[in-house]
2 protein chains.
Amino acid sequence: MAIYLTIATQLRDEIRSQYTHGDLLPPEHQLAKRFNVNRHTLRRAVDELVHDGLVRRFQGVGNQVVSTPIDYALDHPSCFSHNLSKMGLPLDTEVLGCRQEPLGEVLAERLQLPPDTPVVVIRTCRCIDDKPSTLIRHHLFNVDLQQMRRFSSGSLHRFLEQSYGFQANRGTTRLRTRMPTFDECGQLAIGRGIPVMEIHSRYHLKESGALMEYAISISRGDLFEYSVEP
Amino acid sequence: MAIYLTIATQLRDEIRSQYTHGDLLPPEHQLAKRFNVNRHTLRRAVDELVHDGLVRRFQGVGNQVVSTPIDYALDHPSCFSHNLSKMGLPLDTEVLGCRQEPLGEVLAERLQLPPDTPVVVIRTCRCIDDKPSTLIRHHLFNVDLQQMRRFSSGSLHRFLEQSYGFQANRGTTRLRTRMPTFDECGQLAIGRGIPVMEIHSRYHLKESGALMEYAISISRGDLFEYSVEP
DNA sequence: TGAGCGTATTTGTATAGACAACCACGATGG
DNA sequence: CCATCGTGGTTGTCTATACAAATACGCTCA
């Protein structure tokens with residue numbers, strides 16, 4: 001077995017037993033000295049841990065044991081911001097764009113609607129602690145573009161309720177995981193080694209049951225954990 | 001921008017335009033000479049392609065192009081289903097191990113049980129079309145080891161129902177995504193560029209509500225999609 | 001003919017050294 | 001008191017060399 005693999009295994013064990021989230025590992029040259037290997041070999045070992053998602057590198061700072069994922073309950077009809085503010089994390093929403101466009105063929109087929117159905121598409125970025133964590137494309141039905149342009153921050157669903165009296169129920173939700181695209185890496189400020197969770201959510205009006213929103217969210221997989229209650 | 005990144009980008013383009021799956025790249029020393037870099041730098045570039053799932057290494061043979069670039073567009077909703085048996089795919093369960101052990105501290109704290117609670121741990125591998133797709137660790141409470149050893153294939157829950165009359169309700173389910181470990185890559189026969197979905201499920205007895213099973217499943221992220229109905 | 005061996009080729013691992021890029025933090029100066 | 005600069009420490013990248021391990025393939029020999 002390769003030296004770097006055995007070192008990686010040992011470091012994994014030590015991290016699990018002796019470190020907590022956010023701790024910095026000893027500097028590489030020190031670990032290299034301890035294991036009696038070249039720094040390159042030790043880096044190769046740490047690469048394994050980074051690949052496992054156990055450690056993150058910070059140039060000029062050190063190698064950090066990653067934090068535990070944030071819990072995000074899915075079953076609650078409440079929306080995203082509600083769940084996170086409960087945890088006391090500073091949450092911020094940045095609107096990246098807002099415009100009206102036709103639904104498009106793909107979504108049209110999925111939602112069984114005409115392709116030229118007008119929707120207002122709002123792209124937002126959710127930041128936790130000023131770090132981007134989720135990118136969302138909201139597709140909103142039966143809303144006014146000019147009105148929606150006035151949405152700038154906070155909870156979109158609260159804005160919709162105040163503007164239109166819309167009250168939403170969560171419909172079918174689909175989750176999948178994949179690696180981020182190049183653009184998403186930049187927008188989420190992550191490397192290409194961190195997977196993302198892609199979630200498609202439907203929201204229906206509480207009154208009529210009509211489709212109100214189809215949202216596609218791309219979240220950092222290393223930050224979130226999703227729970228489904230029976 | 002780092003040299004190895006620019007080389008990786010160029011190689012990516014060349015692979016897309018000039019290679020088909022199965023082709024071997026030129027040997028590393030040759031590519032290194034062509035790009036006027038050290039072989040290590042070139043290897044670092046190829047590492048990127050391996051990480052992307054574009055290339056596989058074969059010691060003593062060469063670096064092979066795996067497949068055409070992956071299209072991450074959500075435009076193909078047809079592809080993945082969470083219910084695969086419905087699709088008529090040959091589904092198989094292989095038992096990797098079955099033994100009794102104490103619950104352990106981590107799970108004990110999570111489940112609020114004594115750490116020395118005896119559980120029967122069954123490790124299985126779900127195969128679709130004879131390809132491994134999911135690894136599962138079943139932690140079973142109040143069952144007999146000898147009896148459980150007789151489980152060899154099929155549905156575990158059906159086996160439990162026939163053996164003990166246990167009927168299960170799904171309890172809290174937690175989903176997260178991460179990159180596979182070294183071992184999981186081997187067991188699932190995937191490269192290191194494909195994320196996995198890790199799901200923790202609780203099952204309770206329909207009668208008493210007592211915890212019957214705690215299951216941890218690791219699934220190939222490129223094969224599954226999960227849906228949550230309201 | 002066929003099995004086995006040896007050799008060339010290719011990737012895998014490890015070492016060593018050098019410098020760049022980046023960050024935290026204290027010292028300095030206004 | 002605050003902004004700025006510098007410096008030391010840490011990770012990031014690149015080069016150079018050497019040998020190990022695995023494979024393919026031709027050659028030899030029975």
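Chain identifiers are assigned alphabetically (A, B, ...) following the order of the sequence lines, protein sequences preceding nucleic acid strands; residue numbering begins at 1 within each chain.
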Mind calculating the distance between [atom1] ([X]) and [atom2] ([N]) to the nearest angstrom?
| X | N | atom1 | atom2 | value |
| --- | --- | --- | --- | --- |
| B/E28 | D/dC14 | CD | C1' | 16 Å |
| A/Q59 | D/dC14 | CD | P | 12 Å |
| B/N36 | D/dT13 | CG | P | 20 Å |
| A/H29 | D/dT10 | NE2 | C1' | 7 Å |
| B/D47 | D/dT13 | CG | P | 12 Å |
| B/R57 | D/dT23 | CZ | P | 15 Å |
| A/N63 | D/dT10 | CG | P | 11 Å |
| A/R56 | D/dT11 | CZ | P | 15 Å |

Nearest non-hydrogen partners of [X] and [Y], listed with the distance:
| X | Y | value |
| --- | --- | --- |
| A/Q147 | A/F159 | O-CZ, 3.5 Å |
| A/R170 | A/Y203 | NH2-OH, 3.3 Å |
| B/R202 | B/R110 | NH2-O, 3.6 Å |

Are [X] and [Y] close enough that some pair of their side-chain heavy atoms sits under 4.5 Å apart?
| X | Y | value |
| --- | --- | --- |
| B/L25 | B/Y19 | yes |
| B/Y214 | B/V119 | no |
| A/R43 | A/R39 | yes |
| A/L135 | A/R123 | no |

N/O (side chain, B/R44) to phosphate O (OP1/OP2, D/dC14) under 4.0 Å: no
Phosphate OP1/OP2 of D/dA16: any B/R39 side-chain N/O under 4.0 Å: no
Heavy-atom contact window of chain B on DNA chain C, given 5' to 3' at under 4.0 Å: C/dT10 to C/dA14
Touch class at under 4.0 angstrom, heavy-atom based, for A/H40 against every strand present: base
Residue closer to the 5' end of DNA chain C, A/L42 versus A/V61 (nearest nucleotide): A/L42
DNA chain C: 5'-proximal contact among A/A2 and A/G60 (nearest heavy atom): A/A2
